[in-house]
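Residue numbers start at 1 and run along the sequence shown.
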Amino acid sequence: MSLAYANFDLLADPLSESTYRIRVIASPAGQAQTTWALTPELEVIAAEVAAGLNVERMDADQAKRWGSALYAALFHGEVETCLRRSLDAAQRAGRHLRLRLNLTDAPALASLPWELLYSPTLERHLALSNRTPIVRYLALGEAEPRLAVEPPLHLLCVLADPSDLTPRLDVEREWRIIQEAVTSPVKAGALKVEQLSAPTLAGLRSALRRNTVHLLHFVGHGWFDAAGDRAGLVLEDEAGRAALVDAETLGVLLEGHRSLHLVFLNACEGARSEDRNAFQGTAQHLVRIGVPIVIAMQAAIGNERALALAQEFYRALTDGYPVEAAVTEARKALFDAHLSPDWATPVLFTRSTEPLPALKAQEESAAAAPTVATPAERLMFEPETVTIPAGTFWMGDVDAPAEWRRHEVALPAYAIGKYPVTNQQYAVFAQRFPQHRPRGVNWFFTTPPADRLDHPVTGVSWHDAVAYCAWLAQQTGRRYRLPNEAEWEKAARGVDGRTYPWGEAPPTPALCNVAGDRTRAVTASSVGCSPYGVCDLAGNVREWTTTRWGEDARRATFTYPYRLDAREAPGERANELRICRGGAYDDPSTLLKCSARTIVHSDARLPTVGFRVACDL
């Protein structure tokens, strides 16, 4: 997936020991500034951070309190207004907003956990949304590094687990997880992955000398000495025992390796700094010596959670996400409203606005149009489809305004899902790609509610539905996609121009899920199917289509007659309006007509919106 970002650059200048000027120096909405003084609540946060941040002792409520206090420090007055206007401007341009915090001149602020930022107005932690990833930008007074490189990229994994340190780490498991996550680009020749055979300083020096390394992943322990102004990593000596390597020594080793684009330090306290020096931490020092992107932990993180973080990060990179979005996807994989907010532990430092060269495998980038291959049987998790023959049908309503008036449309033959995609079918995909899991509809992370397995999946965005279809196409060899609105309407009404899929009779609970308060099984009504045998088209859930409405909800960019023009042009933009068909369980009967249309923002995840698949023949 391609995600485009605009920068929201925020700079903090100290005016006194406890007063700061906050300036927006670049954004889609221009510039702004405000001042603020350190509050008692922030002083408490700073004291806890200085003693060693421990997010495992926090709960969701405390995370919101801290996040709200941090948000109030940076975003109030003109600066908050600028942020809101920038979000709107970025959305209109089809982009997201990268929040770049430049706290170089305010080291006391740099040590605070800004990844917890929580907007009471937006009702969300900013770092948990791809629309507002948080980046720490370190100013060095030199040009931003360029990341252009010809594939394949080389990923070097350094797995250090000294025999004399406890707890021991499951480094081999993380190695297997990383290998699994990047299987596609490795097979496609876009990435080479190597494990450093001897995780010693000499071994690393030799590997960097012999290879052009673009990505460096470290698994092991980190250390931080506030009293001595030192930090670093724990490698191994020749006997396999702990060897403390400070950030300065590591920097001397890595400095000059201009091919190195990203370092991932999956080690505790790799991002921790002291309130007198913004560059004291290991990650910060690596940025200072020229590494463009460094990901590190600002607190301790459990082994299992660290494994999940790395796995989801590399999966997202493989799926074509830029680094900041991949970090966000990794945060989402850790998020649980009932657990500690360790999703805020990773910190992304960068001095480059360029994306890494794509790791996405070529066969995956062509997922929208995979080679047709027809398996002998439908796979167990594959939705059942019905073939719709080529020919014309009546689209629209005779009583509608001119721009929606009934007219004749010709379509080639295609297949469409007999039912909407169910929770059970979607769960197979969500467990592989948890970033696309349904939200707000009683799923337990990637596990659907046991009593609704045969209900239509809801709480998925248009982008989630598109990703599911692309994945299904790869799994089956068939050319799955979402239907356009003309295909949906023909499958619903046939060629006789009927009002409802079953005919002219008004909707009743026997025919469809109408006047209800929740979804029901997609097979609940066999008498409400269309002339082609396509079922559950009216009521239950609205269904995503590929068709664009436009950007203005009050006036459609595309009107009838329907044609394959820009309304069906390929490509994805954030939060644009897409047409849904079918009506939901709580919609009025007029929206259950075959010709009825509703519009929904493509990023929305609603309990009343699902989808069914279509397939080219």
### Task
Please name the residue in the list Arg567, Glu568, Arg578 that meets the side-chain hydrogen bond (donor to acceptor under 3.5 Å, both in side chains) test with Thr547.
Glu568

#### Entry: salt bridge (charged side-chain N to carboxylate O under 4.0 Å, His left out) against Arg95, all qualifying residues, sequence neighbours excluded
none

### Message
For Ala413 versus Ala390, what's the shortest heavy-atom pair and its separation?
### Response
N-CB, 3.5 Å

### Task
Check whether any side-chain N or O of Asn540 sits under 3.5 Å from a backbone N or O of Gly582 as a donor-acceptor pair, and report yes or no.
no

### Query
Quick one: does Phe335's side chain get under 4.5 Å of Pro341's, heavy atoms only?
no

### Partner of Arg597 under salt bridge (Lys or Arg N to Asp or Glu O under 4.0 Å), chosen from Glu489, Glu485, Glu543
Glu485

### Query
Heavy atoms, side chains only, cut-off 4.5 Å: are Pro434 and Phe445 in contact?
yes

### Query
Does the side chain of Arg437 come within less than 4.5 Å of Tyr426's, by heavy atoms?
no

### Task
Could you tell me whether a side-chain N or O of Thr519 sits under 3.5 Å from a main-chain N or O of Pro456, the two making a donor and an acceptor?
no

## Note on the structure
In terms of heavy-atom contacts, Thr318 and Ser184 come closest through CG2-CB, 4.2 Å

### Query
Would you call Pro383 and Leu472 a side-chain contact if the rule is heavy atoms closer than 4.5 Å?
yes

### Message
Whether the side chain of Thr183 engages the backbone of Gln179 through a donor-acceptor N/O pair (distance < 3.5 Å, no angle test) should be reported.
### Response
yes

### CZ (Arg85) with more than 12 external heavy atoms under 6.0 Å
no

### Task
Give, for atom CZ of Arg173 and atom CD1 of Ile178, the distance between the pair rounded to the nearest 0.5 Å.
12.5 Å

### Message
side chain to side chain contact (heavy atoms under 4.5 Å, CB included), that's the test. Do Glu174 and Gln311 meet it? Break it down for me.
### Response
CA-CA 8 Å; Glu174 183 154 350; Gln311 180 180 50; over 6 Å; no

#### Entry: Electrostatic pair Arg406-Asp397, nearest N-O below 4.0 angstrom
no

### Query
Counting N and O atoms only, with roles assigned by atom type, does the side chain of Thr328 sit under 3.5 Å from a partner on the main chain of Glu324, one being a donor and the other an acceptor?
yes

### Task
Pick out which of Arg481, Arg581, Arg493 makes a salt bridge (Lys or Arg N to Asp or Glu O under 4.0 Å) with Glu487.
Arg481

### Query
Are Leu122 and Leu87 close enough that some pair of their side-chain heavy atoms sits under 4.5 Å apart?
yes

### Task
Working to the nearest 0.5 Å, report the span between CZ of Phe264 and CG of Leu348.
10.0 Å

### Query
Can you check whether Val182's main-chain N or O pairs, donor with acceptor, with Arg315's side chain at less than 3.5 Å?
no

### Query
Yes or no on side-chain hydrogen bond (donor to acceptor under 3.5 Å, both in side chains) for Tyr480 and Glu382, after CA distance, side-chain angles and deciding distance?
CA-CA 10 Å; Tyr480 282 108; Glu382 188 178 2; 2.4 Å; yes

### Within residues 388-410 or reaching into it, pairs that qualify as ring pair (Phe, Tyr, Trp, His ring centres under 6.0 Å) - sequence neighbours excluded
Trp404-Trp549, Trp404-Tyr560, His407-Tyr560

### Task
Determine whether Thr121 and Arg84 make a side-chain contact, defined as any pair of heavy atoms from C-beta on separated by less than 4.5 Å.
yes

### Task
Evaluate side chain to side chain contact (heavy atoms under 4.5 Å, CB included) for Leu116 paired with Trp343, printing each intermediate quantity in order.
CA-CA 9 Å; Leu116 286 171; Trp343 53 265; 4.0 Å; yes

### Query
Among side-chain atoms of Glu329 and Asn130, is any donor-acceptor pair under 3.5 angstrom?
yes

### Message
For a side-chain hydrogen bond (donor to acceptor under 3.5 Å, both in side chains) check, start with the C-alpha distance between Glu408 and Thr392, then their side-chain angles and the critical distance, and finish with the verdict.
### Response
CA-CA 6 Å; Glu408 196 171 38; Thr392 61; 3.3 Å; yes

### Task
Of all the heavy-atom pairs spanning Ala60 and Ala337, show the shortest one and how long it is.
CB-O, 3.3 Å

### Message
Using only atom types and a distance under 3.5 Å, with no angle test, would you say the side chain of Ser525 pairs donor to acceptor with the backbone of Leu511?
### Response
yes

### Query
With a 4.0 Å cut-off, would you call Arg612 and Glu384 a salt bridge?
no

### Message
Quick check on side chain to side chain contact (heavy atoms under 4.5 Å, CB included): which of Val457, Val460, Val522 does Val421 satisfy it with?
### Response
Val457

### Query
side chain to side chain contact (heavy atoms under 4.5 Å, CB included) between Leu126 and Arg124: does it pass, once the steps are laid out?
CA-CA 6 Å; Leu126 299 183; Arg124 62 179 171 87; 4.0 Å; yes

### Query
Stepwise, does the side-chain hydrogen bond (donor to acceptor under 3.5 Å, both in side chains) test hold for Glu80 with Tyr71?
CA-CA 9 Å; Glu80 183 177 31; Tyr71 182 88; 3.1 Å; yes

### Message
Donor-acceptor check, side chain of Gln425 to backbone of Thr422, threshold 3.5 angstrom: yes or no?
### Response
yes

### Task
Output, in order, the C-alpha distance, side-chain angles, deciding distance and verdict of side-chain hydrogen bond (donor to acceptor under 3.5 Å, both in side chains) for Thr132 and His96.
CA-CA 7 Å; Thr132 49; His96 297 330; over 6 Å; no

## Note on the structure
Interatomic distance, OH@Tyr414 vs OG1@Thr385, rounded to 0.5 Å, equals 12.0 Å

### Message
For residues 451-474, which residue pairs pass the salt bridge (Lys or Arg N to Asp or Glu O under 4.0 Å) check, not counting sequence neighbours?
### Response
Asp464-Arg605

### Message
With a 3.5 Å distance limit and no angle check, can you tell me whether Arg405 reaches the backbone of Ala400 through a side-chain donor-acceptor pair?
### Response
yes

### Task
May I ask you to decide if His125's main-chain N or O and Ser119's side chain share a donor-acceptor pair within less than 3.5 Å?
no

#### Entry: CD (Glu504) with more than 12 external heavy atoms under 6.0 Å
yes

### Task
Going by the ring-ring contact (aromatic ring centres under 6.0 Å, His included) test, name the single residue among Tyr419, Trp544, Tyr468, Trp462 that passes it with Phe611.
Tyr468

### Query
Does some side-chain heavy atom of Thr598 sit less than 4.5 Å from a side-chain heavy atom of Ile579?
no

### Query
Would a distance-only check, ignoring hydrogens and angles, find a side-chain to backbone donor-acceptor pair under 3.5 Å from Asp587 to Ala584?
yes

### Distance (rounded to the nearest 0.5 Å) between Leu339 CG and Asp59 CG
11.0 Å

### Validation row: Val323, Leu317 side chains within 4.5 angstrom (heavy atoms)
yes

### Query
Rounded to the nearest 0.5 Å, how far apart are CZ of Arg478 and SG of Cys615?
7.0 Å

### Query
Which pair of non-hydrogen atoms, one from Leu307 and one from Asp170, has the smallest distance, and what is that distance?
CD2-O, 4.4 Å

### Task
Apply side chain to side chain contact (heavy atoms under 4.5 Å, CB included) to Tyr532 and Lys490, showing your working.
CA-CA 9 Å; Tyr532 295 115; Lys490 182 177 181 180; 3.6 Å; yes

### Query
In terms of ring plane angle, is the pair Trp502 and Tyr500 parallel, tilted or perpendicular, where the classes change at 30° and 60°?
parallel

